[in-house]
Each structure stands twice: as structure tokens, then as C-alpha cells.
Amino acid sequence: IHNIAIINIIIIGNVSPLSKEDTMTLIGHLETVTAEADGSLDSVNLALVMALLYCLDVSFLEQGTEDREDLLQALPLLTEKQYVAAVHSRLVEGQAWKLPGLQAGVQLAWALSLRAVSQLPQGAGITPFIAQAIVNFKINFTLDLDHLMILIGEFYSKDPFELELALEFWCPSESLQHTSLTGSFLGVPLQRPPHKQVVLSKFVRQMGDLLPATLYIPYLRMLKGLANGHQCSHYCFSLLKTNGAPHENRQAVVSGSVVSWEHFFHSLMLYHENLRRDVPSADSMQYRHPPIRGITQRELEGLTAFLQLLTTIITWSENARLALCEHPQWTPVVVMLGLLQCSVQPVLKAQVLHALAAFGKSPEIAASLWQSLEYTQILQTVKVPGQRQAAGIEVELNEIESSCEEYPLTRAFCHLISTLVESALPVNLGAGLRAPGFQPYLDFLRDSVFLAFPTRAYRRPAEKWELAEAVLEVFHKLLREYEPQPADFLQEMVELQGEQMPAHKPPGHSLMFHLLNDSPTLSLCLSLLEEGARQLDTYAPFPGKKQLESAVLHCLCLLELALQKEVTFMDLLRESQTSLLVSPVEQLLQGVSAQSRRADHITNIARYLYHSSSNPDAAFQSAKILRRIARYPNIQARLVGDFTHDQVVSEKLMAGFVECLDSEEAQEGVAADDPEKRVARIHHETKIHILNLLITSLELKGPNLGLYLLGYEVKKPVSSTNLQDPGVLGCPRSCLHAILSLLQRGSEWRTGPVLTKQAPQLAELFYQVIYQLCACPDTSGPTMRYLRTSQDFLFSHLQHLPFILPGMSDRSQHICLKSTSMWERLTAPEDCFSKLQRENLAIIESYGTALMEVVCRDACDGHEIGRMLALAVLDRVLSIDRQCQWLMYLCNSGYLRVLVESLRQDDAALQTLLTPQPPLLKPLYIYESKMALLTRVAKTAQGATELLRCGLVGQLVECQVFHMLPQNEALRVFGQRDPSGFIPSPLERYRQILLPTLRLMQVILTSTTTQHQQGAAQVLQWLIVHSDVIQSILHGQDMSMGALQELSLLTAIISKTALPGALEMGQEINSAALMELQGHIGRFQRQSLSLLVRLVGTDRARYLKQIEETVSPGDLAEKREEMEVAMQQICANIMEYCQTLLLQSSAEAQFSLCLFSPSASEPADVAVPSARVPSLGLVLLLLKNSATDFFRYHDSHRQSLNKLERVEQLPPEELKELCQGLVSGSGGVEKVPSVQRNVLAKRRLVQLVNNRAKLLALCSYTIETCLFVIWRHLEFYLLYCTPTDPKDSLLPGFRGQDSFIAFCVDPSGSRGLSVSRVSQQDLEQLQTDVANSFNEPLQRKLLEVEGLYSKTRSRHTFIQALTRRIRGLVHHAKG
């Protein structure tokens, strides 16, 4: 009730300012307000302060809104006569408030309001009050300037959104002609900065020039806040650089400003020189009372302020970092390391370490810092002979900081190590002085810092969690970068001063060993997780809450990384046969907690899901851990018991899982590098992990987590479950309810469920969960009953299947079709083959991941025959595994990446195969099996995306074998057959390597949608790298089956990748690279058009004759038909390419590019040199040929269908002729029994029908694209092209094949062709030639094609519409 009343006051104050009496009452209350223990206001008083500020707010005066006059009339400050006098008297002349800071803030708001209102005609009476406020301000100005500077510094010190608002305090010193960007007006060319910016910049500079000693520290603190940001730090660095002046020697008095790098570092060197004289020997050190001389408290504050400013600048600016570090006179790193060895206060040493950590952000500085740390022995890693007492930071921690109960130095040291570990961690750290490695630092951080932090005393409670966060961050980074290697498990020795000593292991190895044992480190991590969950469950603020949350997150990350790496670690440990003993993490997590005396570690981890809204990262890591643990069947039943042991805990855990699935913030398709939507991506991935946990659990024997979380009985038979809506009969809201509610959204609309469009990946997993529930015998009854009765789910979703809408992505269609298949399997009887497939798959799946592991391992490593068999098994299993479990295992276990990366290793062996006399062909067979498997993987959108993520195309780019196309004729034929006739020629072997690669890339381009442009970009890169080979293939005169297959695949790939859109993928590339990319794309376009000229022109007859000659009489007829399909496919691909280029260039014809010159005549020789642009007559000729071919194929298709229906009645001679298409050799058919001939004839007829169906589809598509290309060109030439003088005609004397250089692609990258030399005579001749070629018989033939084929299979009336438009252009063109 209290909070509601406060909210009402705020709303009233915001909508309509309070009256004078209410305002005075509110001020009277705020005069007596006091702060909380931590210095903050409670929520009630904070709300009242905001209500008062709303009353004084007149910012609408500057905004110029439409209701400005109405707001002025309702403003008591102007309408009530005594309002200003009363409020001013109370705020300025009244009694002092209990919180002076609060009073000052309200006075500032009042002064700003008076100043704004005084500019209005109605505000004339306010001027005296302003004058009085100015007098008071001047009186207090000199006293409060230090507070103002501190306020500015604190205000701008935090910039979570990186807005760099402090840029208004900096003016660039460059001239106005400079091309850089400046001030807060980023993205706009340099211009004179606003007056406000000039004034603020002058304030910053002039205050530094005339700075009294009392304002030195506040001024540095102000600069620290104003230097917060990439550009701000650069400006501040430049200010301090220009303020300085060179000095003759270190003892001389430095001229220039005291606020400069020169002054700072000169002073720092003097302090170091004075203090190092007082450094006691190691034996006489008394760390409890260190001799601190030469630094007063005021100097300490000044040094601290300078070091904080330095840290801020070099944290943001790498240029400043390198410039300062490389300065020959200042040597800041050396001086600061020297100060660390002197007897100074821990707080100053902590600031020095923070500054060194900022320097260490650059890897080149970090490497030298590591060596300097070893040399200075800040942490004693080398025991000096004869030294009786330890030294370094460990002593300061145990004796000084512990007695003071404050730990700034230790926290700063952890921060330094964390930064250095991330930048560079040298393997030979400390070599020559001790056993090299990071181990001494890890021992100190683990034993002295981490394991001891819970038992230490803390003056400031929050510092306990700050210390835990700092050291756990180091552990997290070390384990994240660690990958177990066989060498880690061998005991290596190093020689040190003539003695053999055991070498240190990598730090990640040591951490893994402690996490895979019931060690104090693991116990403390689990204890932290329990403490964190307990604290978060209170929902109360406490000191260090943010740091505790961060420490808990690091603990969760450590456990997840240990689970991720433990299999490899334990396998290598087992193979090394060492005596180390470890246990799996999932087994250790089932141990008993020392605090609760219960086995609740996994329960504690799951409790973080309940806090997903406030701690999404912790919930995400919790879901990942649970998903990994859920893979083990022996843990599932125990987990169900732990989760359901306590009713309250059980309900809370269930609510946590449901809350994650219900999250409204989740968003699919968010880029990993988008910081603004990071939380949305985390929520989405948490959902994915929970759904995979459910799917994995449901595949295991009950009781399991999936059944529990979905609301099924786990203590009774599952089939006895009675599912109810949430709240009915005490039924809690389960994950099943969350899934169904999300899927039901939009199911009542015509467009169908919204989730299939907004989040198709989630929708697919949701449907998979429901499908598994319906397919399992135990859960099928309760599930189907609930879906039919309460939800009406089956009807509401089946009516929308298959969810395919216009504009829907390929991935979403794939998911919806898969969902349709699931529902069909639930509602329709199965045929025998699919039933057999399902039973086989069930047998395979019954072996679980063990079989997956064996097959995948054999496919990656083993004997050649074993590898080929394993690859074949994987290929077949993937083809029938509709739930993609094997594909997910391949991806998640890393075997897919291993297969992809092995292609580079295959490269050398494949190159040897192209020699005239090759060795064994085993590498070729393994390569073909591997590519077949990868092509199978790429046939799904998920698989194709995973292949791209694994860097498949990048591996193929690096392969040198593709550059080895046999060019020499002797190499092509030499040794083409060995005496046994088994070894193919070098060219055929090359094609056996190239064609699988081209097929794989074509499948990837088909599977990935337009949202995955990186696929097309990567394939384009492959084309560019191998452009010399591509050019040879495209220009080749060979028309064998292999050559046609190469051309068919290449043109299909080029048509999808070598597009102008490739230049607009948002990648940052320089102009030279951009021009090179444009040149390659233009070259691919010209080569494709040149190939079309050869295939359509007079070479067409020669090629068809060459095909007939290539196929020997003894060969199968199937080969000739495949070659015919390949030729038609090439033409269709190139015309699709032309259509895409036209569509991408412009939606309007007047801005369209021109691929073909304005000549429609058909001379005897259409073929032209590739450097010239082909004419539009080429497309007309292809259109006529395709129409003629269509009717030839249509008649053959109809005849074959008729024969297929009456194959038993066919005469013997016809049966013999059909069988000859399948039986090679002249006398082969005679040996076939008569009964078998009918079977062979039927098979041959099916073959013919399928072949002719392909050819009909290709001809129809080619006709449609030709019509579109002709229409777009005619529309431009006849309606929008402006002709030049007739004497400049492109076509003097004879039309069609003179120089068409004017039509080549513009190298500047503009999407058009130069048409500056087209005359009126050219356009008139074009119109005449098109009218003659595109005559009535051809038009009738095209319309008949649409009636016979396109009307039912393609775009309805598309051919009719284009024919009508072309006819209209030809007969009604502009005069």
C-alpha cells in the first residue's frame, strides 16, 4: 500500500505539477530525510525526490512540442503568484537539510528551472531571484569547485553503453580541413564544434593551466572520469602530452604544467630513487611495521589519483599504452615495478599493479611483464639460499593485509595475473632460475588466496566476494584455454644447476586434476554455489552481491569446462598409465555436501535456473551443466529422487525450468557479436539446452528428468499419469505446459503458429519433444489424451501443416516439413520399408552413445578399409536418422571438425594420385567416402551451418590438389589404362577429386538460406583462389561426360555466388581488395556468357556430334541421356545467373544493367570472342531451341509412359531395343531370358520417363528465364535508352557482331553497362529483328508449353504474361 501511494504521487507529479501547498509539504518532508547505512536513499524517499524534481522540470520549454502553451498555462511556477517566492525562500534561505547533498541537488534543479523560465515573457518577475542565486553561487564558488570536479569525474566515470558523453568536454585540435571525426557528432565530417563544447573544453584546459595545489587531486579525478572511452582517452592523453616540457636532467625542476606526463613520471622516478635507498634486506624485513618514509598522506592521495588516471587512459587507448611504455626517458613499467619493491602502503602498490595490468593488455608488453615479475620476485618463486624468511606479496597478504583486514594488494595482483594470462602466458616462464612454468603463481592463488578467503576477516564485507571473484576469474581463463595433450601426462625432467627436477605441468592440467578429485578446490567451488543460491533466494541486497554473482558464474563455468574436457583428459590419462587417480565430475557432484549433509550439489546448480531473469548467464551455465550430466543413464534416476525429495524444493526447481522456457526476452537468430542483444541470445540458448536435456532424457529408461519436468508420474507407472491444466487438482505448471502455450500462440489465426516463423529452431525442438511423448508407449496414452481433450492441439496444428508461407525461409520450411512428417507418422499407417527403417534405427539407438563413439572414431582414425566402412555406415545412418541425433553427436563431440580438418592432411596424398604412374588409389577411395558423408551432412540446414562453422570451405581453399588440373595432352592420356584396365587416366582421377567438392559446395549453397550469406561468401573465395582452373574448365573444348558434369556444377555454383550482392555483405574490406573482388566477379560473368555463346551457337551442333562420337556403340544409352541432361542444365544455370544479375541490379528497367547487346539478328555464326558482349539474338536462339527440344522430349515422355502401362504387350523387337539400353555388348541381350527381358524393359522405361521429366523441367525453366531476360532488355532499349548520333552506330554495315566493348561490365562496380554508343538506327533494327524472330508461331508454341507443363508445375501464366509484354514492346515502342 505504501509503495502504491508513492507511485501515485510520482504519476500525479509527472502528469500535472503539484500546487504550492503540496510542493511545500513535500519539501518539508525531504528536509528531514536521512540516508541508509550504505549512504543511499530508500525506495520511498527516492521516489519522493523524483516527484519533486518532476514538479520543477521545465525541459518541455526547449523541446517545442505542440502542447507547449497548454503546459505553460498549467505550470504553477508561472500561474501561482506566491509559488516562486515561497519555494525559493524555503530552498535557498531556509534551514539546512539533514542531507546537504540532497538539498544541493534540489537547489541546482530549482536554479535551472528559474533560468529557463526567465527567458519567457511571463517570467519577468523571476529575475531578482536569479540574481540572488548568482550572488550565493559566487560566494561558494571557490569553496565548492573541488566538489564540482569530483562530481564531474564520478558522473562520467561509468559508461556502460559506451556513449562517450564526455566528448563534449574535448575539442579536437586539428584544423577544420582535417577529415577525422570529432566531438560528440560522430559520423559527421569535421565541423566547428558547438559553443557549449568549446566552453567546456576551455574549462578543462584552463583549469589545468592555473591549478592551485588544493585542486590538484580533484582535477585529476575529473580527468579520470572525462578520459573514460576510446576517443576521450586519446584526447586526455594528448592534453597531458602537450602540457609537458622536456627537462635537462632528472634533478632539474620541470618547467611547464604540473598536469603533464613529464611531471608525473619525473615525480614517480624521484619517489622511486628516494624510497629504494630505504629498502631493507630480506633478513631484516619486518612486514608488520614496514618503514614508510618520504610519502605523506597528501602525496599518497595524489599518487593514487595519478595512477588511476593513467590506468583509465591506457586501458582505453592502445596507442597511449605503447607510446608511454616505449618512451626512453620515462620507462613507466620499470619505475612502477621498482616501487613495488619499496616499503610503501599496500593501497599504493595495488594502484601500481592495476596500472601494470592496464599496460599488460597489449601482448607485446605482457610478455616482457612476465619476465619482469620473475626478475623482481613480486611473488617469490625462487628461494634464495640462506634466506631465513619468506618475502614478496605472500608475506604482505598473511601479515599486513590480514592484520588490517583489507586486501587491495592481493585483489590487484589477481587482476594483473588475469590480464597477463589473457594476453600472453609464456611456456618457459622462469627458465634458468627454477623449473619453468606458471605453477608457483597457481599454487599461491589457489592455496593462499582462494582456499583461505572464506576464513579471513574483512573490515568491508563486500571485499570477501571481490577477492573470490578476482581469483576465480584467473582459474576460469586458465581452464578455458587449456586443451589436454598427451605430453601433459608424461613426467618430463628439466636440468637446473646440474640437478634433474620434474617439470611443471600446464596450469589447466593442474586445475583439471583438482576438479576431477574430491579436493579442497572443488569443495570450495561447490560450497560457493550453495552459498550463492542461498543468498539469491533471499532477494535481499547485501554488500558484494554483484561480486558474489560473478564468482558463482566463474564456478559454474569451471564445472562446465571440466565436464567438457574430462573425457579427453581421462582417456589420455588412461593411455599414459600414470598413477594419478581421478573421478568424473558428474560422479563427484553426487557426493554429500559438508554444509547440508545431503547430496544436493546438482540441486544447487539447478536452483540458478530460478534466477534466469536476474542472472541469465548463471542460468545458461546451469542448463549446460545439467544437459551434460543428463547424458548418463545411471544418474537420471538419482537426480529425479534428489529433485523430488523435498516438495518445496521440487516446486521451485520446476518453476525455474518453466521460467527459462517462458522467457519473453529470448530471441533467435541474434549474432554472437551483438552486445545489445546478448541477453536475448543467452535466454534463447538456455531454452535450447533445456529442450535438448528433455529430449536426451526421454530417450532413456524412466524415471528420468524429462518425465519429471514435463509433469509425468515418476513414483508410479508413467502410463497412469493424468495430465491436467496448471492449477487443476493441484497440478503445477510444467515444462509441457510452457511448450504447448508457446506453440499455441497464433494457432487460431490463418497464418498459423507464430513460433514457426519467429523461432524455427525452437519450434522444431518443441515438436520433437511432443513427438517423443506421443511415440513412446509409456507416455503416448496420457499425452494424446491431454492433447485431444484439453488443448485441442492436434486439430489446431494439423490444419496449418505444412506451415509453408510466402517468403518463409528454407530452414523454416525444412522444420515444418519435418514436423509434418512426425504428425503423419503418428496419425497414418506406416509402409513396410519405413517401418523396417524405424526398427533398424531403434536397434542402433539402443546401443546409445557407445556405438556412436566407436563408429565416429573408426571413421576418423583407423585402417583404410575400416575407415571407409565407418564412413559408409555414418552416411546411411544419417539418411534415416530423422531426429538428427547422430548429426548432433558428430557436431558436439568434435568428430565432424576432425573430419573437416583432415581434408588438409588428405591434400598431399591426393596430389600424388595425379602423377602419370600413381601409387595405390586408397587415398582416393577414402576421400570419396569422406566427401559423400560431408555431402550427406550438408543436406540439412543444421549440418550445412555446422560445416561452415567448422571451416570446411577454408580447408578446401588451402588444398593445392585443385590447382593440378592436367593441362598437357600427354599427361591427360598417358597411362590412362593399366593392362588390367583398372587405373583411370590422370584427368579422370582429377575429376574424381574435383566433382565431389563441387557437389558438396552446391549442396551447402542449397541448404543454407539467404540469411547465411557467409556460405556464399566462402564458396566465392574458393572460386577466386582457383580461378585459373575454373577458367580452364569454362574455356575447355572437351565435351565428355566428366567435362559436362564439371561445367554443370560450376555454373550452378557461380550462379549463386558470383553476384554483386557479394560486395554488400557488410564485411570491412579495403578499396584494393574490393576492386579485386569486383574484377573476379566480372570475369566469372564474362566466362559464363562466353560458355553460353559456345553452347547455343553453331558450336551446339558440333558439341552434339562430339557427344554422339564420345559414346561408343557398346556403351549404355544411359550415358548419352545423362550428357544431354548436363548440357540442358548448364544452359539453365547460366540463364538463371543472368536473371539473378538483372534482378539484383535494379527493380526498375530504366536502371537495369545490360548483359546482351541490342541486336536480335541470327547470323550464321553466333559465336564471338569472349572479350565481346553477346547479342540478344543469342537468347532468342536459345528460346527457340528450348521450345523445339521441349516438344521432342514431351513426345518421348508420353510414348514411354504409354509403353510402361502395357509393357507385357510390347513386341519382342521393341523389348530387345529397350533392354539394350541396360545391357552392354552386342550379344548381351540375346543371353537374357524372355521373362527377365520384361523386367529389364520396365526398368529402362522408368529410366526414360525420369530422364525426360528432368529435361522437360529444364527446358521449361530455360524458356521462362529467356523470356524474362529478353523482356528486361527490350524494355530498357526501346523505352528508356537515349540513342546517340546515327553516324556513331555500333552496327555499321552488318548487324550483330561488331565491337561491343561498350557493353562490358563497368570496373567501378556500378551495376550497369555503358550504352553510350547505341544509335536510333540500332534501336529500330532491334525492334524489326525481334518482331521477325518473336513471331506468331513461336508465341503459340510458348503458350502451348505453358498449357502442357508450366501451368501445373511452375508459375501460372508467367510465360503468357511475358509473351504479351514482349509483343507489346515490339509493336508499341516509343517513337
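Aromatic ring pairs are classed by plane angle as parallel below 30°, tilted from 30° to 60° and perpendicular above 60°; the pair Trp1022 and His1026 is tilted.
Judged purely by atom type and a 3.5 angstrom limit, Thr1265 uses its side chain to pair as donor or acceptor with the backbone of Thr1262. One N or O on the side chain of Ser1055 and one on the backbone of Ala1052 form a donor-acceptor pair closer than 3.5 Å. Although no hydrogens or angles enter the test, the distance criterion places a donor-acceptor pair under 3.5 Å between the side chain of Asn1250 and the main chain of Val1246. Side chain of Thr1051 to main chain of Leu1047: a donor-acceptor pair is present (N/O by atom type, distance under 3.5 Å, no hydrogens or angles). Put simply, the side chain of His1273 gets close to the backbone of Val1269: a donor and an acceptor are under 3.5 Å apart. The backbone N or O of Ser1159 lies less than 3.5 Å from no partner atom in the side chain of Tyr1277, so there is not a single donor-acceptor pair.
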Subject >> Test side-chain contact (heavy atoms from CB on, under 4.5 Å) applied to Ile1024 and Leu1077, step by step >> reply: CA-CA 8 Å; Ile1024 291 172; Leu1077 184 59; 3.4 Å; yes
**OP:** Start with the C-alpha gap between Glu1275 and Arg1365, add the side-chain angles, then the distance that decides, and say whether side-chain contact (heavy atoms from CB on, under 4.5 Å) holds.
**Re:** CA-CA 9 Å; Glu1275 189 176 21; Arg1365 291 191 178 191; over 6 Å; no
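More than 12 heavy atoms of other residues, nucleotides or ligands lie within 6.0 Å of CD in Glu1136, so this atom counts as buried by the packing criterion.
Taking each heavy atom of Ser1088 and Tyr1137 in turn, the nearest pair found is OG-CE2, 3.8 Å. Cys1138 and Leu1089 make their closest contact through SG-CD2, 3.7 Å (heavy atoms, listed as atom of the first residue, atom of the second, distance). Nearest heavy-atom pair, Ala944 versus Thr1008, reported as atom, atom and distance to 0.1 Å: CB-CG2, 3.8 Å. For the pair Ser1007 and Ala941, the tightest heavy-atom approach, listed with the atom from each and the gap, is O-CB, 3.9 Å. The two atoms that bring Glu1046 and Leu994 nearest to each other are OE2-CD2, 3.6 Å, heavy atoms only. Closest approach of Ser1027 to Phe1084, counting heavy atoms only: CB-CZ, 4.3 Å.
For the 3.5 Å distance criterion, the side chains of Gln1129 and Asn1133 qualify, holding a donor opposite an acceptor. A side-chain donor-acceptor contact under 3.5 Å links Ser1319 and Asp1322. Side-chain contact annotation: Thr935 with Arg999, donor-acceptor N/O pair under 3.5 Å absent. Between the side chains of Asn1335 and Gln1339, no donor-acceptor pair of N or O atoms lies under 3.5 Å.
When side chains are defined from C-beta on, Leu1342 counts as touching Leu1183, because their heavy atoms get closer than 4.5 Å. Side-chain contact between Phe1190 and Leu1256: present, with at least one pair of heavy atoms (C-beta onward) separated by less than 4.5 Å. For the pair Asn1332/Thr1328, a side-chain contact is recorded, criterion being any heavy-atom separation below 4.5 Å from C-beta on.
Contact check on Arg1244 versus Glu1121 returns a salt bridge, with a Lys/Arg side-chain nitrogen under 4.0 Å from an Asp/Glu carboxylate oxygen. Remark: Arg1340 does not engage Glu1346 in a salt bridge, criterion side-chain N to carboxylate O under 4.0 Å.
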